[in-house]
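Computation of the quantities below employed the complete heavy-atom set of this structure, encompassing side-chain atoms and omitting hydrogens, waters and symmetry-equivalent molecules.
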Amino acid sequence: MKVAMFLHLLLLLALNTQPLLAAEPEPVVDKQGNPLVPGVGYYVWPLWADEGGLTLGQTRNKTCPLDVIRDPSFIGSPVAFYAEGLGHIPTLTDLTIDFPVFTVCNEPTVWRISKQGAGIWFVSTGGNPYDIRSKFKIERLEGDHAYEIYSFRFCPGVPGTPCAPVGTFEDVDGTKVMAVGDNIEPYYVRFQKVFTNGQEKKPSSIV
């Protein structure tokens, strides 16, 4: 993407975002209180249920790339996280986020933002760990809770760039797409390590 286009994107995001408060990164933990392990699959569930997790779907009559959606009737697909040079997944740190699943699209399942209209960017796939459009962070919700609560932010670790929450955008067909942009509020989540019969689940197929 050309520099001018990216600057245009950042300026639009800045209209409806606030910078992160100064804080120290800390390990992100799952529902059981265990630190997230890079490259391991986790379900990303909403606060109110152990289903309705994040997965991949086709939106706006297109096939590829697939977008990141919420499916209330589905447990979700495994999501993996990577932090360069680290053996754990911290908050407030540039992350590469990926779905370790096989899809009909012959392209990476790394998250990235993809412009869809005035003031709205879907969280899509086809990303690259070295692309600024694929830089996301996890932020912990402050306060005392029964378990840790988190949200995602599109927040490249580049001086002068804004941070914007990743939330839900309801598309014209009712699909709940993860998105960044005008009037998008944070979507709060928990993480559950993926197990099958006591073993970590292997990559599966989707879509």
Side-chain angles (χ1 to χ4, degrees), residues 1 6 10 13 17-47 53-56 65 68 76-102 107-114 121 123-145 147-167 178 180 186-196 199-204:
M1 186 171 62
F6 181 66
L10 293 177
L13 287 178
T17 59
Q18 296 179 349
L20 285 173
L21 298 176
E24 290 296 324
E26 57 189 60
V28 179
V29 299
D30 62 18
K31 285 181 59 182
Q32 289 70 41
N34 300 314
L36 267 58
V37 179
V40 170
Y42 292 87
Y43 294 124
V44 181
W45 285 337
L47 300 184
L54 299 186
T55 187
L56 292 171
V68 181
S77 299
V79 179
F81 306 91
Y82 303 88
E84 186 175 0
L86 297 177
H88 68 287
I89 301 301
T91 60
L92 309 179
T93 302
D94 278 349
L95 302 176
T96 298
I97 306 178
D98 181 31
F99 281 97
V101 296
F102 302 109
E107 56 189 24
T109 50
V110 173
W111 290 18
R112 69 179 175 93
I113 58 169
S114 175
W121 290 263
V123 178
S124 190
T125 54
N128 183 316
Y130 303 103
D131 188 338
I132 198 168
R133 293 174 298 172
S134 293
K135 299 300 183 184
F136 294 85
K137 288 180 169 65
I138 296 175
E139 185 176 31
R140 183 175 67 85
L141 181 64
E142 297 293 337
D144 295 325
H145 312 283
Y147 41 76
E148 299 294 357
I149 299 171
Y150 298 97
S151 63
F152 295 107
R153 298 180 74 88
F154 172 70
C155 193
V158 178
T161 59
C163 293
V166 175
M178 302 308 293
V180 173
Y187 176 63
Y188 293 106
V189 300
R190 304 167 298 158
F191 302 103
Q192 173 62 52
K193 193 173 184 179
V194 178
F195 287 97
T196 301
Q199 300 293 324
E200 291 180 23
K201 189 174 181 179
K202 301 300 181 181
S204 56

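When every heavy atom of P78 is checked against every heavy atom of V194, the shortest pair comes out as CB-CG2, 4.1 Å. Nearest heavy-atom pair, V68 versus S124, reported as atom, atom and distance to 0.1 Å: CG2-O, 4.2 Å. Taking every heavy atom of both residues into account, T55 and S77 meet most closely at OG1-OG, 2.7 Å.
D131 pairs by the side chain to side chain donor-acceptor pair (under 3.5 Å) definition with R133, not counting sequence neighbours. Taking P90 as the reference, P25, A83, L86, H88, T93, L95 meet the side chain to side chain contact (heavy atoms under 4.5 Å, CB included) condition, with sequence neighbours excluded. In terms of the side chain to side chain donor-acceptor pair (under 3.5 Å) criterion, residue partners of D98 (sequence neighbours excluded) are, by chain and number, T109. In this structure D94 satisfies the side chain to side chain contact (heavy atoms under 4.5 Å, CB included) test together with K135, K137, sequence neighbours excluded. E84 is linked by a side chain to side chain contact (heavy atoms under 4.5 Å, CB included) to nothing, counting only residues two or more places apart in sequence or in another chain. Taking the salt bridge (charged side-chain N to carboxylate O under 4.0 Å, His left out) definition, one finds that R190 meets it with D50, sequence neighbours left out. Judged as a side chain to side chain contact (heavy atoms under 4.5 Å, CB included), and not counting sequence neighbours, the contacts of I149 are L47, L141, H145, Y147, Y188. Contacts of Y150 classified as side chain to side chain donor-acceptor pair (under 3.5 Å), with partners at least two apart in sequence or in another chain: none. For F152, the ring-ring contact (aromatic ring centres under 6.0 Å, His included) partners are W111, not counting sequence neighbours. Partners of E107 under the side chain to side chain donor-acceptor pair (under 3.5 Å) rule, at least two apart in sequence or in another chain, do not exist in this structure.
One finds the CG atom of L56 at 4.5 Å from the CZ atom of F99 (value rounded to the nearest 0.5 Å). Between the CD atom in E148 and the CD1 atom in I138 there is a gap of 12.5 Å [rounded to 0.5 Å]. Within the model, atoms OG of S151 and OH of Y187 stand 11.5 Å from one another, a figure rounded to the nearest 0.5 Å.
Evaluated for a side chain to side chain contact (heavy atoms under 4.5 Å, CB included) with K31, the options Y42, W45, Y43, F191 yield exactly one hit, W45.
Between the side chain of T125 and the backbone N or O of P65 there is no donor-acceptor pair closer than 3.5 Å.
The side-chain heavy atoms of V110 and N128, taken from C-beta on, include no pair separated by under 4.5 Å. You'll find the side chain of I89 reaches within 4.5 Å of the side chain of P38, heavy atoms only.
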Any chance you could lay out the side chain to side chain contact (heavy atoms under 4.5 Å, CB included) test for K193 and N34, step after step, and finish with the verdict?
CA-CA 9 Å; K193 193 173 184 179; N34 300 314; over 6 Å; no
Should E139 and L92 be marked as a side chain to side chain contact (heavy atoms under 4.5 Å, CB included) after you check the CA-CA gap, both sets of side-chain angles, and the distance that decides it?
CA-CA 6 Å; E139 185 176 31; L92 309 179; 4.2 Å; yes
Passes side chain to side chain contact (heavy atoms under 4.5 Å, CB included), V123 versus F154? Steps please.
CA-CA 9 Å; V123 178; F154 172 70; over 6 Å; no
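Evaluation of the salt bridge (charged side-chain N to carboxylate O under 4.0 Å, His left out) test over residues 155-167, restricted to residues two or more places apart or in two chains, returns none.
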